[in-house]
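For the numbers below, each heavy atom of this structure counts, side chains included, while hydrogens, waters and symmetry mates do not. Read the numbers this way: they start at 1 and go in the same order the structure lists the ligands and their atoms. Since the model is a prediction, treat every value here as computed from it, not as a measurement.
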Amino acid sequence: QRLVLIGPPGSGKGTQASFLRERLCLCQLATGDLLRNAVAQGTELGKEAKKVMEAGGLVSDQIVLGLVRENLRRPECKNGFILDGFPRTLEQARKLDELLATDGIGPLSAVLNFAVPDELLKRRILGRWVHPASGRTYHEEFHPPKVPMRDDETGEPLVQRSDDQPDVLVKRLAAFHASTKPVLDYYEKRGILHQIDASKSIPQVRQQLSEVLSVDL
Ligand code: AP5
Ligand code: ZN
């Protein structure tokens with residue numbers, strides 16, 4: 001399977017991508033996570049991305065495409081992949097198709113649109129806690145860790161993302177709405193777009209994915 005997950009901040013892309021990765025043995029490429037790694041490492045690319053991310057804007061197509069191309073070459077992506085948070089612009093969607101063709105990877109099998117009304121997203125984003133090393137995500141109310149503020153598997157402390165603040169969220173939402181519609185239209189025309197009601201609970205969204213992809217999740 002070669003999957004793309006599209007949806008606003010807090011729509012549950014990362015949460016559901018990790019279920020898909022584990023059950024289907026696919027590699028999970030979240031451009032947000034790749035960028036946060038570059039920021040943490042303090043690379044040139046990371047320095048450039050940091051400013052944009054903290055302001056809730058979109059990092060340049062060129063940077064993001066470079067990261068995706070590099071990571072799709074990882075051996076664990078041979079089986080298939082889940083792109084989480086990419087593409088988010090029409091340019092990225094077109095370039096992704098070119099890349100899949102020129103690198104002989106094969107076309108996308110499905111694009112899932114995680115639709116959630118904006119009003120629900122604030123609570124999800126402000127209650128989120130993450131384990132940076134693994135990307136595991138929790139929520140103080142909707143998906144609490146076994147021990148408060150600690151990762152279930154490693155026991156290490158959880159942190160909040162620096163862009164998970166009310167004022168930055170408003171900008172991230174605006175960036176999402178401004179750039180994503182053409183991407184959805186692009187995939188709709190190709191007949192590979194599926195709508196997911198991501199306002200439902202985590203298990204209910206998981207169930208919808210299982211039906212759309214005809215897999216046992
Ligand atoms: P990115 O990391 O992709 O952030 P985002 O798109 O804002 O999405 P989030 O990670 O916030 O949300 P999610 O959908 O993964 O939700 P999650 O599963 O964690 O990007 C960050 C930044 O990087 C961007 O702003 C941009 O600057 C840059 N960037 C990234 N990709 C780019 C690109 N392609 N081009 C240009 N720039 C790019 O869930 C959220 C919370 O809710 C969690 O606490 C979770 O436990 C909980 N939750 C999940 N599902 C449910 C549910 N169904 N019910 C209740 N709670 C739930
Ligand atoms: Zn995410």
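- With a 4.0 Å cut-off on non-hydrogen atoms, Ser201 touches ligand 1 through its backbone and not its side chain.
- Contacts with ligand 1 closer than 4.0 Å are made by no heavy atom of Thr89, backbone or side chain.
- Shortest contact from atom 15 (O) of ligand 1 to any protein heavy atom: Gly14 N, 3.0 Å.
- The neighbour count for Glu44 CD, taken as heavy atoms of other residues, nucleotides or ligands under 6.0 Å away, does not exceed 12.
- Of all the atoms in ligand 1, the ones that sit under 4.0 Å from a non-hydrogen atom of Arg36 are 2 (O), 21 (C).
- The protein heavy atom nearest to atom 28 (C) of ligand 1 is Leu35 CD1, 3.6 Å.
- When each of Leu158, Val159, Asp151 is tested with Val130 by the rule side chain to side chain contact (heavy atoms under 4.5 Å, CB included), just one qualifies, namely Val159.
- Nearest protein heavy-atom contact of atom 37 (N) of ligand 1 is Val59 N, 3.1 Å.
- In the hydrophobic clustering of this structure, Ile6 groups with Leu34; members are Ile, Leu, Val, Met, Phe, Trp, Tyr whose side-chain heavy atoms approach within less than 4.5 Å, directly or through other members.
- When heavy-atom distances to ligand 1 are checked against a 4.0 Å cut-off, Arg124 comes that close through both its backbone and its side chain.
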Report all side-chain donor-acceptor pairs from residues 55-70 shorter than 3.5 Å, counting only partners two or more places apart or in another chain.
| from | atom 1 | to | atom 2 | distance (Å) |
| --- | --- | --- | --- | --- |
| Ser60 | OG | Ile63 | N | 3.3 |
| Asp61 | OD1 | Thr89 | OG1 | 3.1 |
| Asp61 | OD1 | Gln92 | NE2 | 2.9 |

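- The nearest protein atom to atom 49 (C) of ligand 1, hydrogens excluded, is given as Thr15 OG1, 3.4 Å; this is a heavy-atom distance.
- Ligand 1 has at least one atom lying under 4.0 Å from a heavy atom of Ile125.
- Minimum heavy-atom separation, Tyr186 to Arg94: OH-CA, 3.8 Å.
- Through side-chain heavy atoms spaced under 4.5 Å, either directly or across other Ile, Leu, Val, Met, Phe, Trp or Tyr residues, Val116 is tied to Leu120, Leu121, Ile125, Leu126, Leu169, Leu173.
- Between Arg190 and Asp97, at least one side-chain N (NZ, or NE/NH1/NH2) sits under 4.0 Å from a carboxylate O, which counts as a salt bridge.
- Not a single heavy atom of Pro87 lies less than 4.0 angstrom from ligand 1.
- Near Val64, meaning under 4.0 Å from any of its heavy atoms, are these atoms of ligand 1: 33 (C), 34 (N), 35 (N), 36 (C).
- Ile82 and Ala17 get closest at one heavy-atom pair: CD1-O, 3.5 Å.
- Contacts between Gln204 and ligand 1 below 4.0 angstrom, taking non-hydrogen atoms only, are absent altogether.
- The closest approach between a heavy atom of Arg161 and any atom of ligand 1 is below 4.0 Å.
- Counting atoms of ligand 1 from 1 in the listed order, those under 4.0 Å from a heavy atom of Gly85 are 31 (N), 32 (C), 33 (C), 34 (N).
- Atom CG of Asp216 sits in a sparse spot, with 12 or fewer heavy atoms from other residues, nucleotides or ligands closer than 6.0 Å.
- A donor-acceptor pair shorter than 3.5 Å cannot be found between the side chains of Gln204 and Gln208.
- Judged by the shortest distance from any of its heavy atoms, Gly56 lies outside the 4.0 Å radius around the atoms of ligand 1.
- Closest to atom 25 (O) of ligand 1 by heavy atom, among Ala175, Ala55, Gly57, Pro9, is Gly57.
- Nearest-heavy-atom check against atom 56 (N) of ligand 1 across Phe142, Tyr138, Phe176, Phe114 picks out Phe142.
- At a heavy-atom distance under 4.0 Å, only side-chain atoms of Gln92, from C-beta outward, approach ligand 1.
- With atom 20 (O) of ligand 1 as the reference point, the heavy atom nearest to it among Arg136, Arg88, Glu140, His139 is part of Arg88.
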